[in-house]
Visitor: 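Supplied in structure tokens, the structure appears directly below.
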Amino acid sequence: SVTREEYEAFLSSVSEKAEILSGISIFGDSDVDSYEQQSMKQTARQYQRLDNVVVSPGQSKGFLSTTDSIATDLILLLLLLLFSAISIFDEKQKGLFSLIRSMPNRRGKTIVSKIVVPIVSSGFLTILFWGSNLIYCSFSFGIDNYTRPIQSITAFIGCPYPISIIGYFVIFLFTKWFVYTIFSMSVLLISILFERVSTVGFVTTALLGIEAFFYFGIEPLSPYRLLRIFNVFSMIQTNTFYSTYSTIDIFGTPVSATVFVWALLALFSVFLLAATAFVYVMKKNYQVGVSLVQKIRKRFPKLHGNPAA
């Protein structure tokens, strides 16, 4: 746990860095602060709001073990991948999509239900799995005082928000649910676009591979770090995402990375919902595993003629 002296020293160090950069700006040749100077001042202002936070000791191991479980993330992502793909390919294999297309009013209602299901199931599984983790770890490592500030935990000493441990856990659950929902919706869209289960698996794996390349290949302070932050692996590591304050350079102006990423996530989720609904309603071919030759023969039946007697 973090002591009061340690937390006060941390806040003082942030203020001192901002003051040092301000002094450099005053005696510099330029009247305009650099991005680094603006960012440090903004960071200092953010942490000044935490002057009244009083940290207290407690049992933190159970909470950290709860929220750092990579296995839980992997299990949930796999389950949601299967649920989203099966919801589409089950109807493709039964030929129900062709029937749905013959009833225009049904297409819209069907895709609405298919969109609602992953949203609700992601929320249910998030609460079930992560809530179970919290209960198990609390009894295994000891029940913590969840009303104390999140900054009381060493790993969160740099968290820039004046919230309690239980308040952070609510934000943690919401973030997980939102990311899981976007993942489920992405798999749903890919399943509608492609006709084979193997192709859906390949495309999903390839996209996750690209995301992993950006996350692990780009340095935290790189000019391209937005690709690292606006990333499924960054959002899944929720504790790291909220454990400190950082900014993004938007045309020379520092903007909170957390706020900016959430704005991008909101826009992307709207785009994803619209794209999924549009493709589902407008796509003509929903047959599973139809080869190119079969498509040509169906389109031009006279080309292959009748078999010889």
Side-chain angles (χ1 to χ4, degrees), residues 10-11 13-22 24-25 28 30 32-50 64 67-70 73-74 77 150-151 153-161 163 168 171-172 174-183 185-186 203-272:
F10 168 78
L11 294 179
S13 67
V14 175
S15 299
E16 289 172 3
K17 289 179 182 178
E19 290 175 0
I20 291 173
L21 286 177
S22 296
I24 294 174
S25 176
S30 175
V32 180
D33 289 344
S34 66
Y35 165 76
E36 289 76 14
Q37 292 168 330
Q38 294 180 58
S39 177
M40 195 64 237
K41 289 179 180 179
Q42 182 170 312
T43 301
R45 287 194 297 269
Q46 180 66 33
Y47 282 108
Q48 283 175 358
R49 303 173 184 176
L50 305 178
L64 289 175
T67 54
D68 280 336
S69 176
I70 298 177
D73 279 318
L74 294 177
L77 290 176
I150 187 66
Q151 290 82 4
I153 301 175
T154 304
F156 292 94
I157 189 174
C159 181
Y161 309 109
I163 53 177
Y168 170 79
I171 296 174
F172 175 90
F174 179 80
T175 303
K176 291 288 187 182
W177 165 74
F178 203 90
V179 175
Y180 293 153
T181 299
I182 288 180
F183 176 78
M185 293 301 304
S186 300
V203 172
T204 303
T205 303
L207 291 176
L208 289 175
I210 294 172
E211 290 279 273
F213 174 79
F214 286 150
Y215 182 77
F216 295 104
I218 297 177
E219 295 294 329
L221 298 179
S222 167
Y224 308 103
R225 65 179 178 274
L226 179 58
L227 294 174
R228 186 181 192 274
I229 299 174
F230 183 58
N231 189 297
V232 63
F233 290 96
S234 175
M235 297 298 294
I236 281 180
Q237 297 193 54
T238 312
N239 286 353
T240 303
F241 185 73
Y242 290 115
S243 63
T244 189
Y245 185 83
S246 62
T247 60
I248 295 290
D249 185 353
I250 306 298
F251 304 112
T253 301
V255 177
S256 168
T258 303
V259 173
F260 189 70
V261 168
W262 268 111
L264 290 180
L265 281 174
L267 292 174
F268 181 70
S269 63
V270 172
F271 166 79
L272 193 59

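This structure is a prediction, so every number in the text was calculated from the model and none was measured. Residue numbers run from 1 in the order of the sequence given.
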Visitor: Given the side-chain rings of Trp177 and Tyr180, with only the six-membered ring counted for Trp, is the space between their centroids under 6.0 Å?
Guide: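 Between Tyr180 and Trp177, which both carry aromatic rings, the centre distance is not below 6.0 Å.
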Visitor: I'd like to check Leu264 versus Leu226 (side-chain heavy atoms, cut-off strictly below 4.5 Å). Are they in contact?
Guide: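 Yes, at least one pair of side-chain atoms sits under 4.5 Å.
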Visitor: Would you confirm whether the ring centroid of Tyr168 sits within less than 6.0 angstrom of the ring centroid of Tyr161?
Guide: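 Distance test on ring centres: not under 6.0 Å, no.
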Visitor: Is there side-chain contact between Ser39 and Thr43, with heavy atoms separated by less than 4.5 Å?
Guide: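 Side chain of Ser39 against side chain of Thr43, heavy atoms only: contact under 4.5 Å found.
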Visitor: Please list, chain by chain and in numerical order, all residues satisfying side-chain hydrogen bond (donor to acceptor under 3.5 Å, both in side chains) with Tyr242, sequence neighbours excluded.
Guide: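 Listed in chain order: Thr175, Trp262.
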Visitor: Any heavy-atom pair between the side chains of Leu64 and Phe156 that's under 4.5 Å?
Guide: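 Sidechains of Leu64 and Phe156: in contact.
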Visitor: Please enumerate all residues that pass ring pair (Phe, Tyr, Trp, His ring centres under 6.0 Å) together with Phe268, with sequence neighbours excluded.
Guide: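 Once residues adjacent in sequence are excluded, Phe268 has no partner under the ring pair (Phe, Tyr, Trp, His ring centres under 6.0 Å) criterion.
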Visitor: Find out whether Val261 and Phe241 are in side-chain contact, i.e. whether some heavy atom of one side chain is under 4.5 Å from a heavy atom of the other.
Guide: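 Yes, at least one pair of side-chain atoms sits under 4.5 Å.
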Visitor: Taking C-beta and beyond as the side chain, do Thr258 and Tyr245 meet within less than 4.5 Å on heavy atoms?
Guide: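 No, side chains not in contact.
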Visitor: Main chain of Leu265, side chain of Ser269: is a donor-acceptor contact present, judged purely on distance under 3.5 Å?
Guide: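 Yes; at least one donor-acceptor contact below 3.5 Å.
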Visitor: Of Gln38, Gln46, Arg45, which meets side-chain contact (heavy atoms from CB on, under 4.5 Å) against Gln42?
Guide: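 So, applying the side-chain contact (heavy atoms from CB on, under 4.5 Å) to Gln42 and each of Gln38, Gln46, Arg45, only Arg45 qualifies.
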Visitor: If I take atom CD1 from residue Ile157 and atom CG from residue Leu11, how far apart are they, to the nearest 0.5 angstrom?
Guide: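 The CG atom of Leu11 is 8.0 Å from CD1 of Ile157, to the nearest 0.5 Å.
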Visitor: Does the side chain of Arg225 reach to within under 4.5 Å of the side chain of Ile248, using non-hydrogen atoms?
Guide: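 A side-chain contact under 4.5 Å exists here.
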Visitor: Do Asp73 and Lys176 come close enough that some side-chain heavy atom pair is under 4.5 Å?
Guide: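 The answer is yes, as the side chains (C-beta and beyond) meet within the 4.5 Å cut-off.
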Visitor: Can you find a heavy atom in the side chain of Val232 that is under 4.5 Å from one in the side chain of Leu77?
Guide: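 Side chain of Val232 against side chain of Leu77, heavy atoms only: no contact under 4.5 Å found.
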Visitor: Measure the spacing between OG1 of Thr240 and CZ of Phe233 and express it to the nearest 0.5 Å.
Guide: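 Atom-to-atom, Thr240:OG1 and Phe233:CZ are 14.0 Å apart.
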Visitor: On the ring face of Phe214, is Arg228 found with NZ or CZ under 6.0 Å from the centre and within 45° of the axis?
Guide: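 Arg228 over Phe214 ring: no.
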